[in-house]
> 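First the structure, which I've put down as structure tokens, then a few questions once you've had a look.
In this chain, residues are counted from 1 in sequence order. On a predicted model such as this, the values are computed, not experimentally measured, just so you know.
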Amino acid sequence: MSYFGAMQNEIYNAGLKGILPDYPVDFATLEKRAHEAMGSSLTNYVAGGCGDEHTQDQNAAAFHHWGMVPRMMVDCSTRDLSVELFGQTYDTPLFMAPIGLNGEASQDRHGDMAAARASAMTGVPFCASTLANDPLEDVKQACGETPAWFQLYTPRNRELAESLIHRAEEAGYCALVVTLDTWVTGWRPRDLNASNFPQLRGKVLQNYFTDPVFRSLLAKPPEEDPAAAIFTWAATFGQVLTWDDMEWFKSVTDLPIILKGINHPEDARRAVDTGADAVYCSNHGGRQANGGIATIDLLADVVEAAGDIPVLFDSGVRSGTDAVKALALGAKAVGVGRPYTYGLALGGADGAAWVLRTILAEADLLMAVNGYPTLADVRDAGAIRTDR
């Protein structure tokens with residue numbers, strides 16, 4: 001049963017001794033302090049979006065036109081926020097969404113390891129990105145007993161793709177998240193104005209540089225000729241995927257396959273028909289395409305189309321209230337992205353764990369006050385569009 005809301009008592013009791021929180025509990029303050037800690041170049045990459053960032057902004061703003069009706073005289077003295085996914089039970093419905101520049105976000109430039117340790121500290125599963133400053137094997141080990149998922153940017157070289165998948169299997173990841181919307185990078189003015197693309201400077205490429213198949217493509221190891229290794233990475237990144245590729249994915253792994261980037265009901269149905277184990281409703285946080293609709297506004301239709309397979313969700317989640325609304329609209333689990341990365345910037349593993357705990361505490365207390373003792377009650381209550 002849930003204990004997450006007790007975090008507020010910890011904070012208030014510490015205050016009686018003159019101890020204030022080391023990190024913020026609200027997103028606005030968290031974002032401001034993290035931007036100061038990261039500096040302009042990293043902030044532009046992590047905080048920036050596509051085009052004029054309208055879609056990115058709408059992702060977060062759209063949660064405000066969804067509301068939930070409280071129910072009274074319900075015993076919510078205990079809450080159950082646990083979910084079952086892929087044969088495993090998780091204590092929370094949150095997961096740490098894959099962030100390709102986590103490695104650079106912490107002060108020691110090992111943010112992937114810090115994120116994994118935050119996962120171990122909180123029990124919130126971490127979806128590790130292909131783009132990382134530390135090898136996927138080390139990251140998985142740092143997750144401890146908490147299950148982890150591996151996100152794949154599918155390379156053009158199938159032997160390399162298979163190698164990355166098999167490494168994830170052998171390391172003990174329990175699901176494969178295939179990102180569909182990033183075979184080419186969207187138009188990102190903040191990065192373009194600064195001519196800043198971290199991967200072309202050798203950042204977050206350790207999963208490639210440590211891969212035996214990738215290294216076999218090089219005349220010299222990355223340690224001896226990093227420029228050639230970066231060029232080879234750029235030449236192999238970004239396989240265009242079609243529905244026909246699902247047969248290949250199913251043939252090379254027994255891991256549950258989660259298709260990330262599904263926003264249209266017909267795509268959700270195709271995902272089910274081609275053997276996906278879960279659908280991941282996301283628009284990449286507004287980083288890949290501008291002019292789209294906020295993902296939360298598309299979620300219910302995707303859930304309906306997906307039928308019996310679980311739907312994961314991210315894009316614009318900034319609080320526990322946001323997470324509960326997404327669960328009310330049918331998401332099985334909700335991904336937190338930028339907030340925990342900002343926690344990494346402020347305090348490494350401790351900072352990220354703090355942020356995750358605050359989101360869980362707010363979600364737990366919302367359920368308590370609104371009369372929803374379980375996530376089933378949240379889904380039964382649903383959410384109401386308030387701007388129509």
Side-chain angles (χ1 to χ4, degrees), residues 50 55-56 58-59 62-63 66 83-87 90 93-95 97-98 125 127 149-154 174-183 186 239-251 253 255-317 322-337 375-376 378-380 382-385:
C50 194
T55 297
Q56 173 176 291
Q58 283 296 108
N59 276 340
F63 281 94
W66 289 97
V83 297
E84 290 189 12
L85 275 172
F86 318 124
Y90 298 88
L94 296 186
F95 65 94
C127 185
W149 313 333
F150 181 70
Q151 174 270 338
L152 179 70
Y153 286 121
T154 309
C174 62
L176 179 69
V177 176
V178 180
T179 295
L180 306 176
D181 62 2
T182 315
W183 60 272
Q239 174 62 40
V240 177
L241 296 173
T242 71
W243 294 111
D244 292 337
D245 290 307
M246 278 297 289
E247 183 177 358
W248 177 81
F249 280 111
K250 299 290 284 187
S251 74
T253 184
L255 290 176
I257 295 173
I258 304 166
L259 294 184
K260 181 177 184 287
I262 301 293
N263 290 287
H264 194 287
E266 183 57 31
D267 287 344
R269 284 187 281 269
R270 290 292 295 274
V272 174
D273 292 343
T274 55
D277 297 283
V279 164
Y280 190 153
C281 183
S282 168
N283 65 14
H284 216 109
R287 288 178 56 74
Q288 275 297 91
N290 199 30
I293 300 169
T295 311
I296 190 67
D297 292 340
L298 302 172
L299 175 59
D301 289 341
V302 170
V303 169
E304 182 179 7
D308 293 333
I309 76 168
V311 175
L312 281 56
F313 171 86
D314 77 16
S315 297
V317 176
D322 292 345
V324 173
K325 289 177 182 179
L327 294 164
L329 289 168
K332 183 75 169 181
V334 177
V336 177
L375 294 184
V378 169
R379 293 190 180 94
D380 287 344
I384 298 171
R385 184 77 181 252

> Would you check if Leu312 and Ile258 make a side-chain contact, meaning some heavy-atom pair closer than 4.5 Å?
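Sidechains of Ile258 and Leu312: in contact.
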> Are Leu85 and Lys332 side-chain neighbours, meaning at least one heavy-atom pair lies under 4.5 Å?
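Yes, side chains in contact.
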> Pair Gln288, Cys50 - check side chain to side chain contact (heavy atoms under 4.5 Å, CB included), show working.
CA-CA 6 Å; Gln288 275 297 91; Cys50 194; over 6 Å; no
> Counting heavy atoms not belonging to Glu247, are there more than 12 under 6.0 Å from its CD?
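12 or below, so no.
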> Nearest 0.5 Å, please: how far is CG in Leu180 from OG1 in Thr154?
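Here the rounded value is 8.0 Å.
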> Could you list the residues that satisfy salt bridge (charged side-chain N to carboxylate O under 4.0 Å, His left out) with Asp245, not counting sequence neighbours?
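Residues passing salt bridge (charged side-chain N to carboxylate O under 4.0 Å, His left out) with Asp245: Arg158.
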> Evaluate the side-chain proximity of Ile262 to Cys281: yes if any heavy-atom separation is below 4.5 Å, no if none is.
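Side chain of Cys281 against side chain of Ile262, heavy atoms only: no contact under 4.5 Å found.
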> Quick one: are Ile257 and Leu259 in side-chain contact, heavy atoms under 4.5 Å?
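Side-chain contact under 4.5 Å: yes.
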> Have Asp273 and Trp243 got a donor and an acceptor in their side chains that come within less than 3.5 Å?
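On atom types as modelled, these side chains do not qualify, holding no pair under 3.5 Å.
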> So, for Ala268 and Ala305, which heavy atoms are closest and what is the spacing to 0.1 Å?
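Here Ala268 and Ala305 meet closest at CB-CB, 3.9 Å.
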> Would Arg385 and Asp297 satisfy side chain to side chain contact (heavy atoms under 4.5 Å, CB included), going step by step from the backbone distance to the final call?
CA-CA 9 Å; Arg385 184 77 181 252; Asp297 292 340; 3.7 Å; yes
> Got Leu329 and Ile296 here, is their nearest side-chain heavy-atom distance under 4.5 Å?
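Of all side-chain heavy-atom pairs linking Ile296 with Leu329, at least one is under 4.5 Å.
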> Are Trp149 and Cys174 side-chain neighbours, meaning at least one heavy-atom pair lies under 4.5 Å?
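Yes; the side chains approach each other to less than 4.5 Å.
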> Among all residues two or more places apart in sequence or in another chain, which pass the salt bridge (charged side-chain N to carboxylate O under 4.0 Å, His left out) test with Asp277?
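Here the qualifying residues are Lys250.
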> How many angstroms lie between atom CH2 of Trp183 and atom CD of Gln239, to the nearest 0.5 angstrom?
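So the gap between those two atoms works out to 10.0 Å.
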> Check the angle between the aromatic planes of Tyr280 and Phe95 and answer parallel, tilted or perpendicular using the 30° and 60° thresholds.
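Because their plane-to-plane angle is over 60°, the rings of Tyr280 and Phe95 count as perpendicular.
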> Under a 4.0 Å threshold between the charged nitrogen and the carboxylate oxygen, would Asp181 count as salt-bridged to Lys260?
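A salt bridge is absent here (no side-chain N lies under 4.0 Å from a carboxylate O).
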> Please give me the minimum heavy-atom distance between Leu94 and Pro125, naming the atom from each residue.
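The answer is O-CD, 3.4 Å.
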> Heavy-atom distance under 4.5 Å between the side chains of Asp314 and Thr295, does that happen here?
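Sidechains of Thr295 and Asp314: no contact.
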> Does Val302 offer a backbone N or O that forms a donor-acceptor pair with the side chain of Arg269 under 3.5 Å?
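Not confirmed, Arg269 side chain does not pair with Val302 backbone.
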> Work out which heavy atom in Lys325 is nearest to a heavy atom in Ala383; give both atom names and the distance.
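Heavy-atom minimum between the residues: O-CB, 4.5 Å.
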> Suppose we screen for ring-ring contact (aromatic ring centres under 6.0 Å, His included). Which residues come up paired with Phe150, at least two apart in sequence or across chains?
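ring-ring contact (aromatic ring centres under 6.0 Å, His included) list for Phe150, sorted by chain: Tyr173.
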> Can you confirm whether more than 12 heavy atoms, excluding those of Trp248, are under 6.0 Å from its CH2 atom?
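Yes, because the 6.0 Å sphere around CH2 of Trp248 holds more than 12 heavy atoms from other groups.
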> Please name the residue in the list Leu255, Val178, Thr274 that meets the side chain to side chain contact (heavy atoms under 4.5 Å, CB included) test with Phe249.
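The passing option is Val178.
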> Would you tell me whether Asn59 and Asn283 have side-chain atoms, one donor and one acceptor, within less than 3.5 Å of each other?
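On atom types as modelled, these side chains qualify, holding a pair under 3.5 Å.
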> Determine the minimum heavy-atom distance between Gln56 and Arg287, stating which atoms define it.
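Heavy-atom minimum between the residues: OE1-CG, 4.5 Å.
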> Can you name the closest pair of heavy atoms from Leu299 and Ala326 and give their distance?
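For Leu299 versus Ala326, the nearest heavy atoms are CD2-O, 3.4 Å.
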> At what distance, to the nearest 0.5 angstrom, does CG of Asn290 lie from OG1 of Thr55?
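One finds 4.0 Å between CG of Asn290 and OG1 of Thr55.
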> Quick one: do the His284 and Thr182 side chains pair a donor with an acceptor below 3.5 Å?
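Present: a donor and an acceptor within the cut-off.
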> So, for Gly316 and Asp322, which heavy atoms are closest and what is the spacing to 0.1 Å?
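That closest heavy-atom pairing would be O-OD2, 3.6 Å.
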> Hey, could you give me the CE/OG distance between Met246 and Ser251, rounded to the nearest 0.5 Å?
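Between atom CE of Met246 and atom OG of Ser251 there are 10.5 Å.
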> Does the Asp308 side chain pair with the main chain of Ala306, one donor and one acceptor, at a distance under 3.5 Å?
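Side chain of Asp308 to backbone of Ala306: no pair is present.
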